[in-house]
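Within every chain, numbering begins at 1; the chains are lettered A, B, ... in the order of the sequence lines, protein sequences first and strands thereafter.
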Amino acid sequence: MHEAYDFAAIQEKWLPIWDEIQPFKSGRADDPRPKKYVLDMFPYPSGDLHMGHAEAYALGDVIARYWVQKGFNVMHPIGWDSFGLPAENAAIKRGSDPRAWTYENIAIQKASMRRYACSFDWDRTLHTSDPEYYKWNQWLFLELYKKGLAYRKDSAVNWCPSCQTVLANEQVVAGLCERCDTAATKKKLNQWYLKITDYADRLLDDMDQLEGAWPEKVLMMQRNWIGRSQGAEVQFEIEGRAEPVSIYTTRPDTLYGATFMVVAVDSSLAAELVAGSSVESAFNSYLEETKAASDIDRLATDRPKSGVFLERYAINPVNGERLPIWASDYVLADYGTGAIMAVPAHDQRDLDFAKAMKLDVKVVVDSGEEDPAITGIATTGSGSLINSGSLNGLTKEEAITAIVKELEAKDLGKSAKNYRLRDWLISRQRYWGTPIPIIHCEKCGEVPVPQDQLPVELPDASGLDLKPKGSSPLGAAEDWVNVSCPSCGGAAKRDADTMDTFFDSSWYFLRYTSVQFDDRAFDVDEVKTWLPVDQYVGGVTHAILHLLYSRFFTKVLHDLGYLDFVEPFTRLLNQGMVQMDGSAMSKSRGNLVKLSDELAEHGVDAIRLSMVFAGPPEDDIDWADVSPAASFKFLNRAWRLSGDVTSEPGVDFTKGDLSLRKATAKSLHDISFAVETFRFNVAVARVMELVNVTRKAIDSGCGGSDPAVREAAQAIAISLSLIAPYTAEDMWARLGHKPAIALAGWPTIDAALLEEDSVTAILQINGKIKDRIEVSPNITGGELEKLALSNDLITAEIAGGEVKKVIVRAPKLVNIVL
RNA sequence: GCCCCGGUAUCCCAAUGGUAGAGGAAGAGGACUUAAAAUCCUUUCAGUGUCGGUUCGAGUCCGACCCGGGGCACCA
């Protein structure tokens with residue numbers, strides 16, 4: 001008679017014991033194990049953990065626990081990305097303090113993580129909203145400022161009317177605020193930026209180091225986002241203007257095909273060119289119209305082209321033709337030079353504009369396609385140049401080289417690069433974030449807060465009106481905002497904005513190495529020991545924002561001499577999302593599955609196992625396809641094995657049943673390989689297989705007393721310790737061992753056991769299977785061929801035919817070609 | 001529109017260019033039981049989205065297309 005497998009009792013039994021043993025401490029000075037840094041993306045404390053967390057942390061835990069079993073000193077820390085809008089919004093709603101809401105939720109999540117048996121080192125936690133943490137945000141900001149990488153500028157910025165704050169480019173998705181889906185508008189504001197564009201080339205080129213170690217998808221998204229293009233800048237004289245205007249083009253070969261010029265309607269150049277002309281008022285009303293249009297309107301690609309002729313002319317530098325200058329909103333002020341040469345024959349946008357405004361179309365590349373002036377379809381194919389003076393007859397590539405050389409010689413242009421990436425806007429007009437450590441003095445201008453006065457702590461929220469109103473609530477904290485200038489001592493004001501919370505998360509992985517360290521943001525020696533992160537695990541939602549910013553900060557800190565590496569995350573695993581019936585879970589959709597309910601019903605281990613077994617980690621999980629009940633059943637089945645082992649611990653495995661021993665060895669080998677290649681679902685399948693084999697051995701084979709059964713049961717327990725720690729620990733105890741199984745060590749495999757006694761060789765004729773024979777794995781090609789040619793089924797088939805060729809792949813296959 | 005990724009059994013998913021099925025779910029049958037649950041055993045189901053190519057041999061490589069998912073999108 002066996003006791004029942006009671007997941008609730010097991011959970012309650014082992015949790016306090018683990019608290020005692022603390023198997024996952026890292027960084028003890030005398031620890032001789034080699035180091036590994038496994039990092040899960042830290043959560044935002046918005047209530048309790050949900051299904052998404054459960055998946056992410058289950059996967060990260062498999063990796064962390066695996067490396068511990070393999071004998072590594074694994075640093076696996078956790079913290080909270082605890083600044084941000086939800087806390088503030090909740091506080092406004094409930095009339096309380098964002099701080100209280102935040103830290104309550106952190107406590108809730110922390111307790112849940114502990115119960116979920118995450119293998120975190122609880123001595124290495126951090127909260128970005130702690131002054132001890134954000135002090136170093138401020139320090140880093142000032143380092144960037146000193147380097148000229150943090151600056152203020154006036155610009156038309158993305159504004160969310162609902163959140164009442166500005167948004168970074170990256171936070172506007174398809175024209176909508178990524179947080180609340182409100183249509184973003186534009187607002188002219190003076191804001192702080194970080195000069196990430198200075199690092200565009202390195203952010204792009206260093207991705208070569210990540211090839212194969214990061215998901216291809218993420219690399220592609222980042223490359224896309226940075227959007228480097230190669231082209232040329234060309235100078236155009238403007239009639240009645242002293243200075244020429246520079247335009248950017250990726251197709252300098254089509255220079256002869258330019259029939260007009262377009263400047264961005266919201267550029268200062270447009271305003272200057274139109275000033276004093278008869279169309280100035282028409283231009284101004286067009287400009288107003290443009291400003292009023294939301295991003296959504298602007299993004300619609302089928303939107304008809306609009307513009308105003310400025311009554312000015314540019315001169316084409318290669319043929320002296322007069323080109324009318326138009327202002328339009330299809331040219332962007334902040335990309336390239338804000339002005340383009342329009343070549344309607346070979347650019348669809350220019351052609352659309354030309355047709356709308358009845359402008360000339362001039363073909364200069366003979367691509368064999370139909371005349372764009374008639375079809376309305378610009379031709380972009382390659383071909384030889386026509387109507388292009390010295391370029392005639394050249395191919396597109398030859399023409400680009402030739403014209404750039406020619407322009408450079410005449411000082412009329414040069415080769416140039418451009419990027420889609422824009423500088424990172426970090427000011428936010430909200431309370432719950434890191435104050436920007438700058439003091440504005442009428443006499444001295446921007447004055448950095450001196451180092452010894454950091455951190456600039458947030459004032460108490462009580463008494464402040466946190467309601468969004470377009471300017472920072474901090475501005476109203478009189479006692480806080482009014483200070484004397486550190487430079488001249490005169491009356492001055494603090495910068496009242498706070499930092500984008502992505503600033504906080506762009507370097508937290510460094511702080512984990514020394515969370516208590518007071519002297520600096522991080523202990524350089526500890527960082528040297530632990531970084532870069534060996535394995536980063538998190539959602540693909542951060543493919544651009546967080547990962548790009550972190551890479552940027554790492555490069556900056558490298559240049560400042562604090563780091564000796566340039567890429568923070570050596571390997572990256574993106575887990576998929578947990579969905580329900582094909583769409584994201586949400587209360588409003590009514591398809592929300594509560595993690596706490598699932599855990600109560602099936603137990604922690606069954607949920608963790610379900611997450612890991614559901615499919616490849618990077619695929620989305622549909623909870624409708626997942627069966628926690630089946631996971632429970634399997635754990636039960638595995639657990640019961642431990643009660644059927646009747647041999648004592650320490651028994652000599654070499655005396656065990658050979659076929660079971662081989663199965664165990666093969667399983668361990670396959671499980672290792674599967675885990676290291678992130679095929680956790682396959683690893684689970686292999687454990688299941690071994691459980692089935694072991695069950696059979698006990699019931700109808702060598703029996704529970706055979707040493708091989710103990711060996712198998714222990715291998716199962718250790719394998720399960722990565723996924724289902726409570727069940728594994730309990731099995732371990734029932735097998736007569738002391739806790740913690742997490743530190744038991746991965747069993748060593750006798751290589752001899754991996755060798756198979758015999759393999760099935762396939763005999764084919766013309767690629768079709770005719771027979772299978774059992775052969776020794778060491779059989780030579782010659783022997784196998786001989787066996788095949790003397791096989792009855794084969795000789796019957798070849799009878800009368802002529803053997804043209806015999807392909808032998810010993811020991812697995814022989815293919816006879818007739 | 002451009003660029004990625006994926007289509008294998010009723011479902012979720014496996015398969016270094018070499019036996020399409022490892023594992024699970026669901027279904028069917030049976031053992032045990034007064035019965036049910038639990039447990040155990042047995043078992044059914046596809047030729048890999050479509051067409052063509054390379055190869056002795058293709059789910060796997062190449063090309064085109066269809067379908068699904070994702071990214072970018074007036075970036076000159």
Side-chain angles (χ1 to χ4, degrees), chain A residues 2 4-5 173-175 215-225 227-229 231-232 247-252 254 262 264 298-303 305 328-332 334-343 346-350 352-353 380 418-422 540 543-544 576 582 609-610 613-616 618-622 624-627 629-631 633-634 636-637 640 667 670 674 679 681-692 695-696 699-700 759-769 771-772 804-809 812-818:
Chain A
H2 295 134
Y5 169 73
V173 179
E216 195 46 50
K217 184 181 168 184
V218 174
L219 295 177
M220 192 202 66
M221 283 166 75
Q222 293 216 357
R223 287 195 178 103
N224 241 327
W225 188 261
R228 179 161 69 191
S229 82
I247 61 97
Y248 176 73
T249 177
T250 53
R251 292 293 303 276
T254 61
V262 187
R298 267 193 86 137
L299 283 169
T301 34
D302 50 356
R303 189 160 166 261
K305 291 280 181 288
S328 175
D329 64 357
Y330 88 90
V331 170
L332 307 178
D334 60 351
Y335 183 80
T337 61
I340 62 154
M341 67 172 190
V343 185
H346 307 296
D347 183 287
Q348 192 59 48
R349 296 154 303 186
D350 296 345
D352 292 343
F353 192 85
T380 53
N418 253 306
Y419 305 88
R420 230 185 56 94
L421 181 71
R422 306 294 149 85
V540 75
I544 298 173
L609 176 64
S610 298
F613 185 53
E618 59 276 11
D619 286 7
D620 291 341
I621 295 176
D622 200 313
D625 296 330
V626 168
S627 173
S631 297
K633 218 166 88 177
F634 164 69
N636 197 340
R637 202 167 135 79
R640 271 185 286 113
S667 296
D670 288 356
R679 286 148 55 249
N681 52 326
V682 178
V684 172
R686 294 284 170 269
V687 182
M688 289 174 166
E689 214 174 353
L690 185 58
V691 167
N692 291 342
R695 179 82 263 156
K696 227 168 240 168
D699 292 347
S700 55
V759 294
T760 309
I762 299 143
L763 309 183
Q764 297 179 320
I765 289 183
N766 292 335
K768 300 259 181 338
I769 294 150
D771 202 5
R772 295 140 211 246
K804 290 206 188 100
K805 199 170 170 186
V806 180
I807 289 129
V808 184
R809 294 281 178 276
K812 303 263 297 189
L813 173 130
V814 178
N815 185 16
I816 297 158
V817 186
L818 296 182

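The shortest distance between side-chain heavy atoms of A:Pro616 and A:Asn681 falls below 4.5 Å. The side-chain heavy atoms of A:Val817 and A:Val806, taken from C-beta on, include no pair separated by under 4.5 Å. You'll find the side chain of A:Leu219 reaches within 4.5 Å of the side chain of A:Glu216, heavy atoms only.
Between B:C66 and B:A25, the two C1' atoms lie 30 Å apart (nearest whole Å). When the P atom is compared between B:C56 and B:G69, the two are found 40 Å apart, to the nearest whole Å. Comparing the same atom, C1', in B:U8 and in B:C12 gives a spacing of 12 Å after rounding to whole Å. Distance check on atom P: B:G23 versus B:A37 gives 25 Å, rounded to whole Å. As rounded to the nearest Å, B:C5 and B:U60 have P atoms that lie 16 Å from one another.
Look at A:Arg251 and A:Asp347 and you find no salt bridge, because none of the NZ, NE, NH1 or NH2 atoms lies under 4.0 Å from a carboxylate O.
Look at CZ on A:Arg422: it is 13 Å from C1' on B:A73, rounded to the nearest Å. Distance A:Gln348 CD to B:G1 P: 12 Å, rounded to the nearest Å. The interatomic distance linking A:Arg223 (CZ) with B:C4 (C1') rounds to 12 Å, in whole Å. Remark: C1' of B:C5 and CG of A:Leu219 are 14 Å apart, rounded to the nearest angstrom. Atom P of nucleotide B:A15 and atom CG of A:Asp670 are separated by 11 Å, given to the nearest angstrom.
Nearer to the 5' terminus of RNA chain B, by closest-nucleotide assignment, is the contact made by A:Lys805 (compared with the other of A:Gly227 and A:Lys805). With the nearest nucleotide of RNA chain B identified for both A:Gly767 and A:Gln764, A:Gln764 has the one nearer the 5' end.
B:C56: Watson-Crick or G-U partner is B:G18, with both key distances under 3.5 Å. As the counterpart of B:A28, B:U42 is assigned, both hydrogen-bonding distances of the Watson-Crick or G-U wobble pattern falling under 3.5 Å.
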Do A:Tyr335 and A:Ile340 pass the side-chain contact (heavy atoms from CB on, under 4.5 Å) test, and can you show the C-alpha distance, the side-chain angles, and the key distance before you say yes or no? CA-CA 10 Å; A:Tyr335 183 80; A:Ile340 62 154; over 6 Å; no
Please determine whether side-chain contact (heavy atoms from CB on, under 4.5 Å) holds for the pair A:Phe613 and A:Val626, giving the CA-CA distance in whole Å, both sets of side-chain angles, and the decisive distance to 0.1 Å. CA-CA 9 Å; A:Phe613 185 53; A:Val626 168; over 6 Å; no
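Base orientation for B:G24: anti, the chi torsion being more than 90° from 0.
For B:A15, the OP1/OP2 oxygens have a side-chain nitrogen or oxygen of A:Arg679 closer than 4.0 Å. Phosphate contact (OP1/OP2 of B:C40, side-chain N/O of A:Arg640, threshold under 4.0 Å): present. One finds no side-chain N or O of A:Arg809 lying less than 4.0 angstrom from the OP1 or OP2 phosphate oxygen of B:G17. For B:A76, the OP1/OP2 oxygens have no side-chain nitrogen or oxygen of A:Tyr330 closer than 4.0 Å. Using a 4.0 Å cut-off, some side-chain N or O of A:Ser229 falls inside it from OP1 or OP2 of B:A76.
Across B:A73, B:C12, B:G71, the shortest atom-to-atom separation from the side chain of A:Arg420 is found for B:A73. Looking at the side chain of A:Lys633, the nearest of the listed nucleotides B:U39, B:A15, B:A22 is B:U39. For A:Met220, the listed nucleotide lying nearest its side chain is B:C4; candidates were B:C4, B:G23, B:G71. Side-chain proximity of A:Phe613 to the nucleotides B:G24, B:C13, B:A76 is greatest for B:G24. Minimum atom distance to the side chain of A:Met688 is reached by B:G23, of the listed B:G23, B:C56, B:C41. The side chain of A:Arg637 lies closest to B:C40 when the candidates are B:C56, B:A25, B:C40. Minimum atom distance to the side chain of A:Ile544 is reached by B:C72, of the listed B:A25, B:A76, B:C72. The side chain of A:Lys305 lies closest to B:C74 when the candidates are B:A76, B:G70, B:C74. Distances were taken from every side-chain heavy atom of A:Pro616 (C-beta onward) to each of B:G71, B:A76, B:C13; the shortest belongs to B:C13.
Counting non-hydrogen atoms under 4.0 angstrom, A:Thr760 reaches a base of the nucleic acid. Using a 4.0 Å heavy-atom distance criterion, A:Asn692 is classed as a sugar-phosphate-only contact. Contacts of A:Arg686 with the nucleic acid, taken as non-hydrogen atoms under 4.0 Å apart, include base atoms. Contact annotation for A:Asn681: backbone-only contact, meaning every heavy-atom pair under 4.0 Å involves sugar-phosphate atoms and none involves a base. Counting non-hydrogen atoms under 4.0 angstrom, A:Ile769 reaches the backbone sugars and phosphates but no base.
For the atom pair A:Thr337 OG1 and A:Leu332 CG, the distance stands at 11.5 Å (nearest 0.5 Å).
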